[in-house]
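Proteins come first, then strands; the chains are lettered A, B, ... in the order of their sequence lines, and each starts at number 1. Keep in mind it's a predicted model, so treat the numbers as computed, not measured.
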Amino acid sequence: QQQVKQSPQSLIVQKGGISIINCAYENTAFDYFPWYQQFPGKGPALLIAIRPDVSEKKEGRFTISFNKSAKQFSLHIMDSQPGDSATYFCATGPFSGGYNKLIFGAGTRLAVHP
Amino acid sequence: GAVVSQHPSRVICKSGTSVKIECRSLDFQATTMFWYRQFPKKSLMLMATSNEGSKATYEQGVEKDKFLINHASLTLSTLTVTSAHPEDSSFYICSARDRNEQFFGPGTRLTVL
């Protein structure tokens with residue numbers, strides 16, 4: 001099965017700092033790259049997503065950077081806050097198509113210290 | 001974003017009993033829903049793809065007779081864990097597609113005694 005390699009496994013950031021999580025994918029046919037945020041005991045919530053026609057997408061403090069040639073994409077959390085402490089999953093898959101499945105990374109546990 | 005609900009949020013049952021988990025898309029119709037299983041501190045493991053009006057597609061290694069899926073309408077999919085055993089204890093999460101994006105339910109914590 002095609003994999004998505006996510007790093008780091010865990011991350012500690014001070015309040016106000018920048019959190020950076022990276023993912024590398026294999027299948028160049030995939031054209032949808034979402035990030036999900038999950039709090040303990042809750043389901044994942046769609047945070048932000050990007051298509052390969054752009055190299056960067058920003059929504060508030062969250063930015064996705066996409067490098068098609070390197071087959072990598074990353075999530076940047078600016079001005080990180082303790083409330084951002086959660087597990088983040090990258091994913092990829094085909095954007096359209098009735099049964100398209102997402103392939104998830106292993107997750108990154110982010111802790112933002114006050 | 002689109003809203004997906006799950007019921008129940010928690011269930012405790014005795015070994016050998018069957019448990020049904022419901023997944024509903026509240027403000028959109030979903031021809032395709034997905035069922036995942038998540039172990040503590042692990043990623044999401046896709047179990048099956050639920051298609052309205054047809055049989056579910058199971059991932060390799062997932063017992064279809066153990067995990068029965070019914071997608072009876074465009075807003076409801078159910079997962080039934082049959083003859084549950086302690087090793088089936090886990091966090092089960094469903095998701096539904098709305099306009100090419102996938103939205104997750106809040107999850108169901110199953111504990112089998």
- Message: Looking at chain B, which one of Gly41(A), Pro40(A), Gly107(A) has the largest number of heavy-atom pairs inside 4.5 Å, strictly under?
- Response: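 Heavy-atom pair counts peak at Gly41(A).
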Ignoring hydrogens, what is the shortest heavy-atom contact between [X] and [Y]? Give both atom names and the distance.
X	Y	result
Lys42(A)	Phe91(B)	O-CE2, 3.6 Å
Asn100(B)	Phe95(A)	OD1-O, 3.0 Å
Lys42(B)	Phe89(A)	O-CZ, 3.8 Å
Ser43(B)	Gly105(A)	OG-O, 2.7 Å

- Message: Rounded at 0.5 Å granularity, tell me how far NZ in Lys101(A) sits from CZ in Arg97(B).
- Response: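 Going from NZ on Lys101(A) over to CZ on Arg97(B), the span is 13.0 Å.
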- Query: Looking at CG of Leu102(A) and CZ of Phe34(B), how far apart are the two atoms once the value is rounded to the nearest 0.5 Å?
  - Reply: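 Rounded to the nearest 0.5 Å, the CG-CZ separation comes to 7.0 Å.
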Would you indicate whether [X], at its atom [atom1], is surrounded by more than 12 heavy atoms from other residues, nucleotides or ligands within a distance under 6.0 Å?
X	atom1	answer
His85(B)	NE2	yes
Lys66(B)	NZ	yes
Gln9(A)	CD	no

Co-membership, hydrophobic cluster, residues [X] and [Y], 4.5 Å side-chain:
X	Y	value
Trp35(B)	Phe103(B)	no
Leu110(B)	Val62(B)	yes
Tyr58(B)	Met33(B)	no
Val112(A)	Ile18(A)	no
Phe33(A)	Ile64(A)	yes

- Item | Region of Gln6(B) that comes under 4.5 Å of a non-hydrogen atom in chain A |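 No part of it gets close to chain A.
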- Task: Pick one of side chain, backbone, both or neither for Pro44(A), based on which atoms fall under 4.5 Å of a heavy atom in chain B.
- Result: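 It is both, since atoms from each part get that close.
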- Item | Per-residue contact mode, Gln6(A) against chain B (heavy atom under 4.5 angstrom) |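 For Gln6(A), neither part sits under 4.5 Å from chain B.
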- Beyond-backbone contact of Met45(B) with Phe104(A), side-chain heavy atoms, under 4.5 angstrom: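 No, their side chains stay 4.5 Å or more apart.
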- Message: When you compare the side chain of Gln102(B) with that of Tyr36(A), does any pair of heavy atoms fall below 4.5 Å?
- Response: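 Touching, per the 4.5 Å side-chain cut-off.
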- Message: Heavy-atom pairs under 4.5 Å with chain A: which of Arg99(B), Arg10(B), Gln38(B) has the most?
- Response: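 Winner by heavy-atom pair count: Gln38(B).
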- Heavy-atom pairs under 4.5 Å with chain A are the metric here; pick the option from Thr57(B), Thr108(B), Leu44(B), Ile93(B) that has the most.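 Option with the greatest count: Leu44(B).
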